[in-house]
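Here is how names work: the chains are called A, B, and so on, in the same order as the sequence lines, proteins then strands, and each is numbered from 1.
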There are 2 protein chains.
Amino acid sequence: MSLRHALLGLLAHGSASGYDLLGTFQGSLANVWPATQSQLYGELNRLADAGLISVVAEGPRGRKEYAITDTGRAELQRWLTEEEPERNRRNDMLLRVFLLDLVEPAQARAFLDREAALAAERHESLRKLDESIEWDDSPLSRYGRLTLEWGLRATAMHREWAEWAAARIDAGGRRRGG
Amino acid sequence: MSLRHALLGLLAHGSASGYDLLGTFQGSLANVWPATQSQLYGELNRLADAGLISVVAEGPRGRKEYAITDTGRAELQRWLTEEEPERNRRNDMLLRVFLLDLVEPAQARAFLDREAALAAERHESLRKLDESIEWDDSPLSRYGRLTLEWGLRATAMHREWAEWAAARIDAGGRRRGG
DNA sequence: CATCACATGTAAAAGGTTACATGATTCT
DNA sequence: AGAATCATGTAACCTTTTACATGTGATG
């Protein structure tokens, strides 16, 4: 149930409306914890019912501004320091690689080429994002940079792996080693 | 709905019972596409109803042996060659890093140290697995090795990143660059 | 005869996606 | 006046997790 903690975490940095938060989920959190509008408004109401956040102001067009409560802050701390992160093991792309012997080698090769190209694209787009952000010494900036660096390294790794794997397919069953 | 295609993929390599398949999901697929018993038996029945697989033998203790049908094989091909892999963007660990400014630097540092240590452990366990398997020139062996290599590279990358990030926290807000 | 491994099933709850639905305010 | 943006909510459906539930066959 990490959406709950993502919301608490954002509200711990300052109060905001559901609409504001949605923007963050579609922006800086898009590559970390995306959430839909539908999911977000529902969870905000549940959080308010549970007393972890509260409406601190109402604005035009039914806007509700939420702030984190002391209870919410305590729960957030507990989650950050005591709860083990869930490791996400499902990987559609790897499942396909595992089954890639079911298609022609040329198609397998094409699949890996595409993976390499897409990883290169994602890497480049993260690199540009990195350049475009004016990183300062603020806490969010400091830790945000760490997550972006993870993305840069993950995409680089993925690309290198896909290129290596594609070359191995070309080598056929004749060769071993990497 | 990749569980469906994982099952089709396994059955394309030879017929098996739900119980057999469960073993594979808890074994070689554990790091790629884990599935629970409950989910698996339900999906097998749905696949049979849809005509993508069929019961080819019944054994003791109610054992049902399934084989993939031509329709199933066609669907599997379509999925492998035409459908874009779903990219899994949710990452609980990165979400925490993003919010790590909410805890003391020492706790943030401890979090990253633990990530580095866990990644090292997972890497080592994959390395041992790699050594223990007698890779041959069979197709499953060849492509299975590619997925394992991905795991080796991912865990290595994750460890290096966590060590780099931990060092940056020690450097505090005073420094830039990596 | 007891235990372990084999073997399958159902039900409830939680979390996520997609689509539907509505309305107010601001900008051009 | 019309369009874009702001702003929230609901409903149906799907997937996954956890727990419950049952029974057979082989082995010591």
Practice task
List in chain and number order the residues that pass side-chain contact (heavy atoms from CB on, under 4.5 Å) with A/E163, two or more places apart in sequence or in another chain; answer none if no residue qualifies.
Solution key: A/A116, A/R159
Problem - Those residues that, when tested against B/E124, pass side chain to side chain donor-acceptor pair (under 3.5 Å) (two or more places apart) - result: B/R127
Exercise for the section: Give the rounded distance in Å between these two atoms: CG of A/L40 and P of D/dA7. Expected result: 13 Å
Handout entry: Residue list, side-chain contact (heavy atoms from CB on, under 4.5 Å) with B/L118, at least two apart or on another chain
Key = A/E84, A/R87, B/R114, B/E121, B/R122
Handout entry: Rounded distance in Å - CZ (A/R63) to P (C/dT25)
Key = 14 Å
Exercise for the section: Kindly indicate whether a cation-pi arrangement holds for A/R145 with A/W150, taking the cut-offs as under 6.0 Å to the six-membered ring centre and within 45° of the axis. Expected result: no
Completion exercise
Of the candidates C/dG9, C/dG15, D/dT8, the side chain of A/Y41 sits closest to D/dT8
Handout entry: Inter- and intrachain pairs under ring-ring contact (aromatic ring centres under 6.0 Å, His included), touching residues 78-127 of chain B, at least two apart
Key = B/H5-B/W79
Problem - Value in whole Å for how far the P atom of C/dT8 lies from CG of B/N45 - result: 10 Å
Practice task
Starting from C1' on C/dT8, measure out to CD on B/E43 and report it in whole angstrom.
Solution key: 16 Å
Handout entry: Residues that A/S38 engages under side-chain contact (heavy atoms from CB on, under 4.5 Å), provided they are two or more places apart
Key = A/T36
Completion exercise
From CZ of A/R4 across to P of C/dG16 the rounded distance in Å is 11 Å
Handout entry: Whether A/S141 side chain and A/D137 backbone form a donor-acceptor pair below 3.5 Å
Key = no
Exercise for the section: Whole angstrom is fine here: how far is it from CG in A/L44 over to C1' in C/dG15? Expected result: 16 Å
Practice task
Taking only heavy atoms on the protein side, list every residue of residues 72-98 of chain B lying under 4.0 Å from any atom of DNA chain C, sorted numerically.
Solution key: B/R90
Exercise for the section: Using the ring-ring contact (aromatic ring centres under 6.0 Å, His included) rule, collect all pairs that involve residues 20-46 of chain B, keeping only residues at least two apart or in two chains. Expected result: none
Exercise for the section: Could you note down all residue pairs passing salt bridge (Lys or Arg N to Asp or Glu O under 4.0 Å) where residues 31-52 of chain B supplies at least one of them, sequence neighbours left out? Expected result: B/R4-B/E43, B/E43-B/R46
Practice task
With sequence neighbours excluded, give me every salt bridge (Lys or Arg N to Asp or Glu O under 4.0 Å) pair touching residues 50-62 of chain B.
Solution key: none
Handout entry: Length of the NZ-P vector between A/K64 and D/dT8, whole Å
Key = 7 Å
Fill in the blank from the handout: To the nearest angstrom, the CG-P distance between A/L47 and C/dG15 comes to 11 Å
Exercise for the section: Going 5' to 3' through nucleotides 18-28 of chain D, assign each nucleotide B (protein heavy atom under 4.0 Å from a base atom), S (under 4.0 Å only from sugar-phosphate atoms) or - (no protein heavy atom that close). Expected result: BB---BBS---
Handout entry: Sorted by number, the residues of residues 5-28 of chain B with heavy-atom contact under 4.0 Å to DNA chain C
Key = B/S17, B/G18, B/Y19
Fill in the blank from the handout: Those residues at least two apart in sequence (or on a different chain) that pass side-chain contact (heavy atoms from CB on, under 4.5 Å) with A/A67 are A/S15, A/V56
